[in-house]
Amino acid sequence: MKSTSASHLLRACRRWTAARGLSAAGALLTAALLAGCAAQTAFREAQDLQATGRTEAALQKYEQAWRLEPSSGAYRLGYLRTRDQLLDQWVAQGDAARQQSRHDEAERAYRQALTLLPTHERALQGLRQVEQQRRWDTWFKEAETAYSRKDLDTAQLRLRTLLLENQQHAGARRLMQKIESETARPTPAESGLSAAFRKPISIEFKDASLRNVFDVISRTSGLNFLFDKDVKTDQKTSIYLKNSTIEAAINLTLLTQQLDQRVLDANTILIYPNTQAKQKDYQSLTVKSYYLTNADAKSVANSLKAILKSRDVVVEEKLNLLIIRDTPEAIRMADKLVMLHDVQDSEVMLEVEILEVKRTRLLDLGVRWPDQLSLSPLPAATGGTVTLADLRDLQSSRIGATVGALTIAANKSDTDANILANPRIRTRNREKAKILIGERVPNITTTSTSTGFVSESVTYVDVGLKLDVEPTIYPDGEVAIKVALEVSNIINQVQTKNGALAYQIGTRTAQTVLRLKDGENQVLAGLINDEDRRTANKVPALGDVPIAGRLFGRQADDTSKTEIVLSITPRVVRNTVRPEAGVLEFDSGTESSLGVRGSGGGAATVAVTSSSNRTDTNNRTPAAANAGTGAGNNLNNVNGVNGVGTGVGSNLSNNSGLSTGGVAGNVGTGGVTAPATAVLTWQGPTQLKVGDNFTAQLIMSADQPLISAPLSIGFDPRAIQVVSVAEGDFLRQGGAQTSFNSRIDPAGQVIIAASRATETGASSPGAVVTLNLKVIGAPSAETRLQLLAINPTATGGRSVTAPLPTPLVVVLQP
């Protein structure tokens, strides 16, 4: 097709008419006729191409015909129909490829559709879904890689992000369940405190102060304890524990003193009074949305309100969306509860076979003699009617006799009829399915009023075979089926006085409930109708003579037997998979506190209220917030964790000077300023041999002066051994005094707390930490050294954005 075909024809016609001396009007008429012929030819060619399956070529011909003759509705309709057919074909190809994770092929199909119609919504939606699935695949691969490196925290983070967008991702759900089954320990273990909590301890205190008890626990476990201002650290307590654990010692001490705890970071715990006001102050709240696929949002919301006691639950019925605002512990439990609810409905295919067997035997044999003699007077020969005179002169010759006909019957009829219905119907769990094989017979009802007005109404009665089934599918593969079978037929027609017809209907019904295994067949029979009728017309006495009596009588033997047989076989198409034990049963905490004792909000900064003893119920800091509010707060820190955001006039007592964990709050009015940015990179060798010692440095630079940089580094303990950890020169810029503490976790983590003692910060590039390591892994292997988390703080307590750098990959050579 060329868009200039019409203009070429017109110019050719003008030249042809000019050569022959025709007028301009004649030239235009001739051009129009030629264009119409060309359009009709292109239209016919398009039809032929479409008939042979060459849709794209046919579309070009349709477009050519339409452009040559724009006023033709047939050409335009042919083009639009073919275009839509081609668009549906390409989109279907893209959908099929996308469902099989062939993203490049799916993208090509969608873009091919957009070249034909750039505003095609299904193609645009397909491209968005392809991009979304690619992002999901990337997250899932990162989670699998982190899981293979035993980095469960990173794996869970990627999986949670993926499941937020796609809760039905089968691979992500399986991997998440696998990780949760491997880490099925209390929440402190998930927060990096498992190693410290498992340490053994034996303590005996009688009337000792609370500060002394936690000081001993701190020295034994290496944990840091931060006390709220309302905690009386000098109150007396008695505790006797032998061969116990750090976790038990902390929990029992808090339980007896009516205290609660919150984990601030990997080795810091905040102790505060277990009161409703303090819970409101220290418990961070999280908002999470659930787009439910299978479950009803209202039903799930009722479950969350009943179990979690959540009050901030919003249901959007149009989107089947559920939004909840609660503590992180409640959100984690809501994840499991939603996972239990939002599962695919079970479906079953019911293979039904209904057989109606009807047998009829009829034997009509004998002679039917006349059984009546009729006498009547005959009219006179002169007239055609009988008169009174004729009756007076009645004689034998004037009487007529009429005898009925003699009938000989010799008939035998055998009928065998099988009526078979074999429907297959697919239905969901606990949903009714109906089958009707027959007809709807009209039944007319006449209604008359006192005024003489007569009206008729028509109702329809289902006559034939009706089957109602309601399956209940169990997780073990068995199916309970409620069956209601009804077989009806028209026996007779009844005519009313008004002339309306009514029907006499015979019905046979059966209702039962049976439970079958997947693929098990059950036959329901016994709906039998057996009729035996015998009719005889005999000459008295002679008809009762044996054998010869058939010559003086007629007998009809009619036997009819009908039986209904129902055969039903369930085939489970999709069944509900029973969740693992870790999802079916998990710890939900106490009545007043969800989760287990010791759960917390990670590395969140605590929001502190003012000294006026007024509780601000709206002052809730999310888990990732860094806003310090209020003034005049008193906090006691046994081991010196500078991780609480405090305002002007805060009194923070730090006994040992270790500054790890959170980020200090903003000084002043409590407002949050724009975050600064820090850049981090790794420096170190990439190829080593087994037994080599090497040094790796984490280089940092920032656009704002920094005063602290607590961080954690992950490594594979099977391949790398951390020999020592040294402070870098980044925070020591300008000769400032610094505080540097490190702890090596044999499980594969290095936790570092570094800060400056001066109010001026450091920003020029420099090493934050220097690690001396040794290669102990197998040859031809690959290991990584990566930064797991960092929470730097700028001057004034401002938050700093620090993207995690690319891990240092080390190839181990023979």
Side-chain angles (χ1 to χ4, degrees), residues 350-366 368 409 411-425 427 432-448 454-471 480-514 516 521-537 554-570:
L350 298 177
E351 298 177 358
V352 183
E353 186 175 2
I354 305 170
L355 180 65
E356 182 178 4
V357 181
K358 186 175 183 180
R359 301 182 181 89
T360 304
R361 301 290 185 265
L362 175 63
L363 179 60
D364 189 2
L365 182 61
R368 181 171 182 177
N411 180 26
K412 183 179 181 181
S413 176
D414 294 340
T415 302
D416 291 330
N418 294 332
I419 302 175
L420 177 66
N422 188 18
R424 301 179 65 188
I425 186 168
T427 181
K432 292 183 179 180
K434 297 184 178 182
I435 300 174
L436 172 63
I437 302 174
E439 57 186 6
R440 306 193 70 188
V441 178
N443 193 7
I444 302 176
T445 303
T446 303
T447 305
S448 59
V454 178
S455 63
E456 292 183 347
S457 60
V458 180
T459 58
Y460 290 89
V461 180
D462 295 331
V463 177
L465 187 148
K466 290 195 300 181
L467 178 65
D468 295 347
V469 292
E470 182 179 353
I481 309 174
K482 292 182 180 179
V483 182
L485 175 65
E486 178 181 343
V487 180
S488 57
N489 60 325
I490 300 176
I491 297 177
N492 192 16
Q493 292 183 354
V494 180
Q495 189 171 11
T496 63
K497 294 180 180 180
N498 298 328
L501 286 178
Y503 299 94
Q504 182 180 359
I505 299 175
T507 304
R508 281 166 289 172
T509 62
Q511 293 184 355
T512 184
V513 179
L514 54 144
L516 304 174
N521 176 262
Q522 179 63 50
V523 177
L524 303 178
L527 295 176
I528 300 175
N529 182 20
D530 195 351
E531 298 180 2
D532 190 357
R533 298 179 182 180
R534 296 184 181 183
T535 305
N537 294 313
R554 178 181 177 184
Q555 182 174 338
D557 298 334
D558 188 1
T559 302
S560 177
K561 185 176 182 180
T562 305
E563 182 179 3
I564 303 296
V565 179
L566 170 65
S567 173
I568 186 168
T569 304

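In this structure, Ile481 and Gln522 have side chains that are not in contact, with every pair of non-hydrogen atoms separated by 4.5 Å or more. Between Ile354 and Val487, every side-chain heavy-atom pair lies at or beyond the 4.5 Å cut-off.
The two atoms that bring Lys434 and Ile425 nearest to each other are O-CD1, 4.1 Å, heavy atoms only. Between Ser488 and Asp462, the closest heavy-atom pair is OG-O, 3.7 Å.
Interatomic distance, CG of Asp468 versus CD1 of Ile435, reported as 9.0 Å (0.5 Å rounding). To the nearest 0.5 Å, atom OG1 of residue Thr512 and atom NZ of residue Lys482 are 11.5 Å apart. If you take CD on Glu486 and CD1 on Ile564, they are separated by 11.5 Å, rounding to the nearest 0.5 Å. From Glu439, atom CD reaches atom CD1 of Ile490 across 5.5 Å, with rounding to the nearest 0.5 Å.
Checked against side-chain contact (heavy atoms from CB on, under 4.5 Å), Lys432 has the following partners two or more places apart in sequence or in another chain: Glu470. Evaluation of the side-chain contact (heavy atoms from CB on, under 4.5 Å) rule for Gln511 yields Ala484 as partners, not counting sequence neighbours.
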For this session: Take Leu514 and Ile568 through the side-chain contact (heavy atoms from CB on, under 4.5 Å) test and state the conclusion after the steps.
Result: CA-CA 10 Å; Leu514 54 144; Ile568 186 168; 4.3 Å; yes

